[in-house]
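Scroll down for the structure; my scribbles are underneath it.
Every chain is numbered from 1, with letters handed out A, B, ... down the list of sequences.
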Protein chains: 2
Amino acid sequence: MIIKEKGQLLLDYINRYVPLTEEEEQILLSKIGYRTYLKGQFVVQQGDICKYECFVLSGCTKTFYMDGEGQEHIVMFSIEDWWTADMGSFITQTPADYNVQCLEKTELIMFSYDIIEDLYAAIPKLERFFRLIIQNAFVASQKRIIRSFSLSAKERYVYFRNQYPKIEQRIPQYMIASYLGITKEFLSKIKSELIVEQ
Amino acid sequence: MIIKEKGQLLLDYINRYVPLTEEEEQILLSKIGYRTYLKGQFVVQQGDICKYECFVLSGCTKTFYMDGEGQEHIVMFSIEDWWTADMGSFITQTPADYNVQCLEKTELIMFSYDIIEDLYAAIPKLERFFRLIIQNAFVASQKRIIRSFSLSAKERYVYFRNQYPKIEQRIPQYMIASYLGITKEFLSKIKSELIVEQ
DNA sequence: ATAAAAAGTTAAACTAGATTAATATGATTT
DNA sequence: AAATCATATTAATCTAGTTTAACTTTTTAT
């Protein structure tokens with residue numbers, strides 16, 4: 001059971017999509033977990049089975065894939081009011097393709113695989129809530145595929161900087177390069193070109 | 001109202017995720033549309049507001065984005081038992097980023113934006129059904145992003161060929177190149193290298 | 001059967017971005 | 001304050017994939 005004050009951030013978020021009754025809020029709070037991770041700790045490790053969908057209350061995580069050559073490829077960053085997990089592993093309960101690691105001290109609300117079906121049964125509205133959330137995530141993901149094909153590295157960086165100014169400030173540049181799918185050296189070159197241009 | 005025989009393909013598909021009662025099946029069939037398109041026709045055009053989520057009964061569509069330079073970027077192909085639409089446009093009812101065009105004579109079942117909320121109200125199970133479908137689509141989309149960064153063009157082509165052998169056979173090669181994010185000339189080169197290698 | 005259009009191939013010249021390696025800056029620890 | 005470690009920069013060389021253009025094969029229409 002989570003303390004009411006922490007849970008409120010999540011309830012506010014959910015209520016933006018589906019209004020919950022007092023009773024439903026109580027049920028929800030009774031079924032979710034809360035946990036703090038320190039900088040550097042892993043929420044999910046590649047190969048493990050992902051047991052939790054997590055809502056970020058504070059802090060920041062990176063979700064990344066380690067390829068055969070030991071190269072890290074960052075798929076996404078998650079900050080306050082975002083979600084984090086390996087959804088593929090969570091929904092199929094098979095080993096995770098991704099790692100989720102905290103870049104700062106991070107507070108999470110955790111929806112366990114073992115209780116989420118009970119939660120859907122108790123509060124059917126949550127089926128709708130998660131459908132809406134995932135729809136948005138899917139649309140964003142499709143748009144990212146388009147950008148990866150139709151924009152140059154410089155254009156993708158400018159897009160990222162405009163879209164997520166808060167994230168750029170708190171994350172080292174070499175991780176942003178990884179997220180953009182380029183080397184840190186090339187991002188450095190892009191940045192110096194942008195300074196000259198403007 | 002759609003004829004029962006056609007609707008059955010969709011009902012079988014839905015029943016794999018959520019079992020429907022006879023009555024629910026009747027309601028569903030009464031609320032969906034059916035339409036045939038000819039080769040070359042557009043189901044959605046960039047700039048229009050996407051009014052329908054479509055389930056493919058037969059045929060094949062491509063979903064693509066036309067960039068500023070008039071270059072076509074194919075995001076996905078949809079064949080039997082798949083979905084097609086610009087989901088971003090559908091859920092937000094804003095102008096579509098994508099075109100959906102038929103590559104063959106194509107039969108679609110259409111879920112209209114104007115009735116889909118009624119359908120959720122009448123059959124709450126469908127919230128779950130669409131959540132599950134979209135979850136899968138999102139996971140596939142995330143994996144595609146990873147492939148676009150961590151695999152070479154040749155590796156991506158081999159992956160595509162293994163994953164979607166049925167699609168490769170019925171689609172011109174230059175469209176596969178577009179889907180893979182490379183030029184048709186380079187795909188041609190990759191194919192000749194693969195022949196030499198094996 | 002022939003012409004025309006669409007799709008696919010090949011090869012040379014070119015470029016966006018990778019690789020390597022050396023150097024610089026900044027943060028953290030002692 | 002010095003030493004160490006993580007992060008960022010710069011520049012030379014290299015490569016995967018693009019561009020352009022000429023040519024071949026396949027499909028479609030008449």
Side-chain angles (χ1 to χ4, degrees), chain A residues 38-41 60 62 64 66-74 77 101-105 145-161 167-198, chain B residues 38-41 60 62 64 67-74 77 101-105 145-161 167-197:
Chain A
L38 298 178
K39 180 173 176 172
Q41 288 190 301
C60 181
K62 66 173 173 182
F64 66 100
M66 190 80 83
D67 71 19
E69 279 88 52
Q71 274 253 289
E72 206 178 292
H73 301 274
I74 297 178
F77 300 109
Q101 188 178 19
C102 298
L103 303 178
E104 307 170 1
K105 177 165 177 287
I145 291 175
I146 282 294
R147 288 196 303 275
S148 82
F149 287 140
S150 62
L151 300 185
S152 69
K154 189 189 278 186
E155 289 167 326
R156 273 179 278 143
Y157 170 61
V158 170
Y159 179 88
F160 174 81
R161 211 172 49 171
I167 293 184
E168 200 197 357
Q169 278 147 32
R170 55 208 264 195
I171 286 174
Q173 198 169 303
Y174 72 92
M175 289 190 193
I176 292 166
S178 170
Y179 175 83
L180 295 172
I182 58 178
T183 59
K184 58 194 193 321
E185 291 84 358
F186 193 57
L187 178 55
S188 189
K189 190 175 174 188
I190 285 171
K191 288 185 79 165
S192 71
E193 283 173 11
L194 285 170
I195 289 164
V196 172
E197 284 169 22
Q198 205 47 260
Chain B
L38 298 177
K39 180 171 176 174
Q41 288 189 303
C60 182
K62 67 173 173 181
F64 66 99
D67 72 17
E69 278 88 52
Q71 274 251 292
E72 206 178 291
H73 301 275
I74 296 178
F77 300 109
Q101 187 177 19
C102 298
L103 303 177
E104 307 171 1
K105 178 166 175 287
I145 290 174
I146 282 294
R147 290 196 302 277
S148 82
F149 287 140
S150 62
L151 301 184
S152 68
K154 189 189 276 187
E155 289 167 325
R156 274 179 277 143
Y157 170 62
V158 170
Y159 178 89
F160 174 81
R161 211 172 50 171
I167 293 184
E168 200 196 359
Q169 278 146 33
R170 55 208 265 197
I171 285 174
Q173 195 169 305
Y174 72 92
M175 289 188 193
I176 292 167
S178 170
Y179 175 83
L180 295 171
I182 58 177
T183 59
K184 58 194 194 317
E185 292 83 358
F186 192 56
L187 178 53
S188 188
K189 189 176 176 187
I190 285 172
K191 288 186 80 166
S192 70
E193 282 173 12
L194 286 170
I195 289 165
V196 173
E197 284 167 23

Fill in the blank from the handout: Between CD1 of A/I195 and C1' of D/dT10 the distance, given in whole Å, is 13 Å
Exercise for the section: Report yes if a side-chain nitrogen or oxygen of A/Q173 is closer than 4.0 Å to either non-bridging phosphate oxygen (OP1 or OP2) of D/dA6; otherwise report no. Expected result: no
Practice task
May I have the distance from A/I171 (atom CD1) to D/dA6 (atom C1'), rounded to whole angstrom?
Solution key: 16 Å
Protein-nucleotides 12-18 of chain C N/O pairs under 3.5 Å:
from: C/dG17; atom 1: OP1; to: A/A153; atom 2: N; distance (Å): 3.2
from: C/dA18; atom 1: OP2; to: A/T183; atom 2: N; distance (Å): 3.2
from: C/dA18; atom 1: OP2; to: A/T183; atom 2: OG1; distance (Å): 3.2

Exercise for the section: Kindly indicate whether the side chain of A/F149, heavy atoms from C-beta on, has any atom under 4.5 Å from the side chain of B/D67. Expected result: no
Problem - Residue met sooner reading DNA chain D from 5', once B/K39 and B/Q71 are mapped to nucleotides - result: B/Q71
Handout entry: Distance, rounded to the nearest Å, where A/Y174 contributes OH and C/dA27 contributes P
Key = 15 Å
Handout entry: Heavy-atom donor-acceptor pair, B/Q101 side chain to B/G40 backbone, under 3.5 Å
Key = yes
Handout entry: Side-chain donor or acceptor of A/S178 paired with backbone N/O of A/E72 under 3.5 Å
Key = yes
Exercise for the section: Answer yes or no: is there a side-chain heavy-atom contact under 4.5 Å between A/K62 and A/F77? Expected result: yes
Handout entry: Integer-rounded Å distance: D/dT18 C1' and B/L187 CG
Key = 14 Å
Handout entry: Intermediate values then yes/no, side-chain contact (heavy atoms from CB on, under 4.5 Å), A/K191 and A/I176
Key = CA-CA 12 Å; A/K191 288 185 79 165; A/I176 292 166; over 6 Å; no
Fill in the blank from the handout: Of the listed D/dT10, C/dT9, D/dA8, the closest approach to the A/E185 side chain comes from D/dT10
Practice task
Would you kindly compare B/K184 and A/S192 by the position of their nearest DNA chain D nucleotide and give the one closer to the 5′ end?
Solution key: A/S192
